[in-house]
Amino acid sequence: MSKAKMKTNGQAGNTTEKEPAQITITIDGREIRTEAGRNLVRVANENDIFIPSLCYFEHIEPPLGTCRVCTCKINGVAGPACTESVKEGMVVEASTEELADARNAIVEMMFSEGNHFCPGCQKSGDCDLQHMAYELGLRQTRFPHLFKDRLIDFNPQRMIMEHNRCIKCGRCVKEVFTDDGLAVFSFRYRGNETRVGIDYGQEAKLTDRQARDAMNLCPTGAIIVRGELHARPFGERRFDLQSVQKKKPVEDPRITLPAEKKTIATVSLAGCFGCHMSLLDIDLKLMDLVEIVELNKSPLNDIKEFTKQCDIGLIEGGCCNADNVEVLREFRRKCDVLVAFGECALWGGVPSMRNTIPLGECLEEAYLNCITSMPDECAVPYHDDLPKILDKVYACSEIVEIDYFIPGCPPDANHIWKSVLSLISGAQLPVLYSEFKYD
Amino acid sequence: MQLPESRSLRRKEEALNRKKVRRSGRQEAGLTVKRTELLDYLWQVQNEHGHIRSEDIAAVSRALNISTIEVEGVISFYHFFHRRPSGEFTIYLNNSPVSECKGFERVKEAFEMATGGNFNGVDPSGQWGLFETACIGLSDMEPSALINFFPFTNLNSLKVKDVIARLKQGALPGEICDPVPDHIRSVPGGEKTILLRDYDPGCALAVLRRRSPESVLEDIRRSGLRGMGGAYFPTGLKWAACRNDPKSPKYIFCNADEGEPGTFKDRVLMNSLPGLMLEGMAIAGYVVGSANGTIYLRGEYTWLKDKLQNTIDRFRKMNLLGTNICGIEGFNFDIRLQLGAGAYVCGEETAMLNSLEGKRGEPRNKRYFPTERGYLQKPTVINNVETFCAAARIIQLGVDQYLQTGRPASPGTKLLSVSGDCRLPGIYEIEWGTTVREILEKCEADRPYFVQVSGPSGECISMDEFDRAISMDDLVSGGSIMIFSRSRNILDILRNFNRFFKHESCGLCTPCRAGNFILEKKLNLFAAHLAHPSDVEDIRSWGKIMKLTCRCGLGKTAPNALLTAQEKFPEYFESIVAQNPDRLSKGFSLKDAVREYDRFSS
Ligand SMILES: Cc1cc2nc3c(=O)[nH]c(=O)nc-3n(C[C@H](O)[C@H](O)[C@H](O)COP(=O)(O)O)c2cc1C
Ligand code: SF4
Ligand code: SF4
Ligand code: FES
């Protein structure tokens with residue numbers, strides 16, 4: 001029944017041991033011939049049926065089965081594919097709408113549960129979680145971000161435990177041991193308080209190589225070995241350019257522009273203007289842009305007030321103060337279609353780093369207790385002319401209805417361009433894997 | 001509960017323990033513990049010192065040759081283990097919805113006032129540790145609390161003041177705690193009463209003298225007995241699978257974790273018929289060929305421990321446990337007690353196995369049945385207390401009499417724990433097939449409106465469904481009925497359930513760990529009157545995702561109450577969502593969002 005058994009038989013057995021039996025299984029109605037006892041996720045993926053997986057790591061036996069990202073129906077029962085070894089006659093449903101949606105939801109949950117600020121993460125571009133979301137084409141999470149306050153543990157000698165990024169896959173817990181056979185990691189607490197604990201004493205006993213292996217074993221940027229991860233430019237990281245899925249190339253559709261120019265308004269709320277800068281990165285296509293659209297209220301032309309009803313509104317940034325909320329609502333009223341572009345607009349992004357700490361504490365730390373503030377001479381700024389600060393940074397979609405989302409910090413220029421062009425023309429311009437980014 | 005016999009003894013013990021708590025630590029030298037005894041060891045130091053100290057962790061990890069973080073991981077899994085002093089008097093107040101209905105808030109305040117401490121911490125003097133905890137199995141006497149694990153029931157603010165005052169004067173919790181009556185309200189009567197009838201020790205085991213294991217198994221199979229712990233797996237099949245497995249030794253476990261809020265039938269069985277349960281376990285041992293029985297007793301029932309242990313000792317003396325039981329050559333079976341330490345999920349059978357092995361109580365992947373690979377990877381039978389009791393009765397009374405009760409599709413009887421808004425909360429032994437209405441009438445329910453069947457993981461029913469029958473083919477009930485009257489707020493009940501699951505999830509799989517947290521955020525929107533009709537829709541689809549993808553029953557059933565409530569009380573949910581939703585305002589209120597900033601206005 002188990003792969004473990006097969007494996008050990010194989011190792012212990014003599015060389016004349018017979019080949020594993022060839023069997024036939026059915027995935028999504030397709031018959032597949034393979035060797036008995038192999039892992040279902042691998043068999044499916046080799047046959048171009050993509051089943052996402054995260055906690056699954058080839059060499060960990062038995063498989064962990066913790067993340068549930070690989071949920072399929074196996075012989076009619078829903079369960080993780082990664083814990084299954086294939087058997088003769090196995091019938092697997094992998095790609096039904098319900099299952100695909102549930103798997104997407106689980107990856108989305110990981111993003112809303114942790115605090116994943118991709119542009120600031122050493123593992124960005126090499127991270128399995130991010131990669132899986134790219135493969136699934138996740139633009140934004142359907143769930144509210146939870147913004148639970150978590151520690152970053154700098155105590156270990158060589159490692160840094162970034163609890164914000166841990167997805168509790170359990171790989172490190174099951175796999176990282178010292179030469180004496182003692183565990184370096186263990187889960188602690190339970191429920192939504194669950195986190196990975198690191199044993200400082202045992203960590204110190206790991207060799208440099210073992211420490212590095214632990215970092216590479218971690219699917220996300222939760223285990224970082226000091227000085228071992230250096231930023232590499234875009235394009236040189238593991239998951240930058242190529243999808244692991246073989247997809248048929250899609251031809252660019254023919255684009256027919258509407259007779260009348262569409263009007264567009266843009267704004268930067270609680271953002272850094274980086275998304276607008278990225279927009280300018282479309283270079284020569286800027287010329288095309290002014291040909292086919294008319295810009296209304298926007299920082300690009302410095303028109304401060306709406307002069308008419310617009311077709312499309314592009315929103316950068318989330319809402320951190322009352323003014324942002326007003327502007328966003330005005331955009332909702334004045335634009336037929338609202339597009340949130342960039343991570344800040346999508347879920348809060350970098351400004352929402354403050355969301356794990358109550359506003360009062362943030363303000364006190366910044367204005368009252370900081371080292372440069374003089375006792376009795378400082379106050380939290382509060383004036384009728386100042387917009388009121390919200391208790392946390394809100395995603396645009398938490399305040400008004402948003403029609404489309406473009407991820408990225410900032411979004412790739414081509415991604416923005418193609419999305420706008422699609423909206424104007426009604427054609428579906430395919431966004432390339434390499435243009436779809438969170439950092 | 002009977003105190004008198006052991007009263008003076010316990011008094012001495014408690015006084016001794018208290019002294020030990022105060023005394024600073026001493027290092028045990030040459031500690032020997034097995035991994036499977038880790039929980040016992042942790043209980044021992046916790047009882048001795050009021051918490052588990054770093055030196056204890058160092059000592060035990062050295063003895064087990066595991067890293068300290070692994071021990072920390074185990075400790076932090078169980079909410080009765082503390083890493084900081086938990087007070088000379090540790091008070092656990094139940095926060096189940098029934099308790100909330102009966103005055104939890106006032107009682108909580110009263111405890112804080114009387115002790116000078118705040119909940120979920122220890123007061124400055126270090127004397128009083130105040131903690132909230134999930135249902136402690138006393139739903140028929142809420143609000144209730146455990147003080148140093150002794151039960152205090154039917155609390156109100158006056159009683160709390162009185163209890164604390166007496167403790168301050170030097171009384172011991174064990175002396176002044178409340179007796180726990182069984183509250184057996186109704187049985188089918190005559191020959192139809194199966195479980196709660198008179199009992200003579202050995203009545204079922206004596207039958208085995210004339211019977212082979214095969215024929216006993218055949219009886220269990222023919223009786224159609226199913227597991228009473230909530231999953232209703234046919235007991236005969238389970239025993240047969242374990243019996244047929246070639247591996248040995250084999251193990252029998254009694255699941256006395258009874259963690260489902262609102263359920264207390266196992267408590268009553270263990271209090272009034274502990275021997276029957278032991279006989280059921282021994283019968284299982286006889287059938288599958290096992291000599292090792294263990295009762296996994298939840299920490300909340302520590303006060304039942306002595307009684308169970310005494311019964312076990314008495315059984316040994318009577319040759320109802322031990323070797324060559326009842327003179328049957330080669331029938332050896334003994335029973336040991338294992339105390340849990342506060343974790344609902346440990347009632348899940350594979351989580352329980354991990355807990356028994358001295359690990360974190362995380363459910364296992366469902367690759368094998370426990371009957372194939374259970375405790376220490378050996379064939380294992382795990383059954384609920386009531387299942388063992390019923391099995392013993394089937395053997396004692398004969399299958400045919402058993403089959404006379406209940407319905408053809410679900411023969412036999414079932415214990416129901418009834419609590420909430422009714423005049424007669426307690427235990428009802430019913431024949432399968434009894435309707436909800438009959439039960440509501442018997443317990444004199446007060447304007448029943450929202451009835452939760454089988455605890456938070458079960459389903460709720462509305463008035464339209466009171467004629468449904470409790471049976472395998474209609475409304476299956478794991479053993480509890482919580483009644484809420486018209487005056488109760490449905491959202492409060494659902495938020496309580498959600499908080500329970502969020503806290504009790506083992507934290508291993510994403511959809512349960514994050515899903516319950518996410519649902520909480522959604523429910524908060526409802527509570528703040530900011531929810532939209534789309535939020536009702538979201539909950540429905542997200543709940544379905546949890547049911548589909550979670551690893552164990554906890555996560556799969558966590559959204560049940562919420563989903564069924566939405567289905568059965570649509571008009572209620574309509575009344576609490578925004579009436580004219582528009583694209584401009586989702587679940588957001590500017591007024592609420594700037595409130596915190598406005599604190600700085602002056
Ligand atoms: C989260 C969870 C909690 C459970 N708690 C209990 C419990 O407290 N007592 C119990 O007998 N069964 C409990 N069960 C059911 C057990 O997993 C198992 O099915 C049962 O002990 C088997 O015994 P039975 O066949 O006699 O019912 C629980 C299951 C789950 C998923
Ligand atoms: S630290 Fe990394 S490897 Fe360990 S559980 Fe978290 S995500 Fe998995
Ligand atoms: S469903 Fe919940 S309790 Fe069960 S294994 Fe998953 S996280 Fe743990
Ligand atoms: S990859 Fe299968 S459960 Fe995580």
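Just so it is clear: chains get the letters A, B, ... in the order the sequence lines come, proteins before strands, and each one is counted from 1.
- In B/Q579, the CD atom is crowded: over 12 heavy atoms of neighbouring residues, nucleotides or ligands sit closer than 6.0 Å.
- Looking at B/L584, both its backbone and its side chain come within 4.5 Å of chain A, counting heavy atoms on both sides.
- Looking at B/F501, there are no atoms closer than 4.5 Å to chain A (heavy atoms on both sides), in backbone or side chain.
- Between chain B and the residues A/C55, A/G114, A/G65, the most heavy-atom pairs under 4.5 angstrom are made by A/G65.
- Heavy-atom proximity under 4.5 angstrom to chain A picks out B/P511, B/R513, B/A514, B/G515, B/F517, B/I518, B/K521 from residues 511-524 of chain B.
- Using a 4.5 Å cut-off on side-chain heavy atoms (C-beta onward), B/E504 and A/R190 make contact.
- When all heavy atoms are compared, the tightest approach of A/D199 to B/I69 is OD2-N, 3.1 Å.
- Only the side chain of B/R599 comes within contact range of chain A, with at least one heavy atom under 4.5 Å from a heavy atom of that chain.
- When heavy atoms are compared at a cutoff of 4.5 Å, A/L363 approaches chain B solely by way of its side chain, counted from C-beta outward.
- At a 4.5 Å heavy-atom cutoff, the contact between B/N65 and chain A is made by backbone and side-chain atoms alike.
- The backbone N or O of A/R333 lies less than 3.5 Å from no partner atom in the side chain of B/R583, so there is not a single donor-acceptor pair.
- Heavy-atom contacts from other residues, nucleotides or ligands closer than 6.0 Å to CZ of B/R83 number more than 12.
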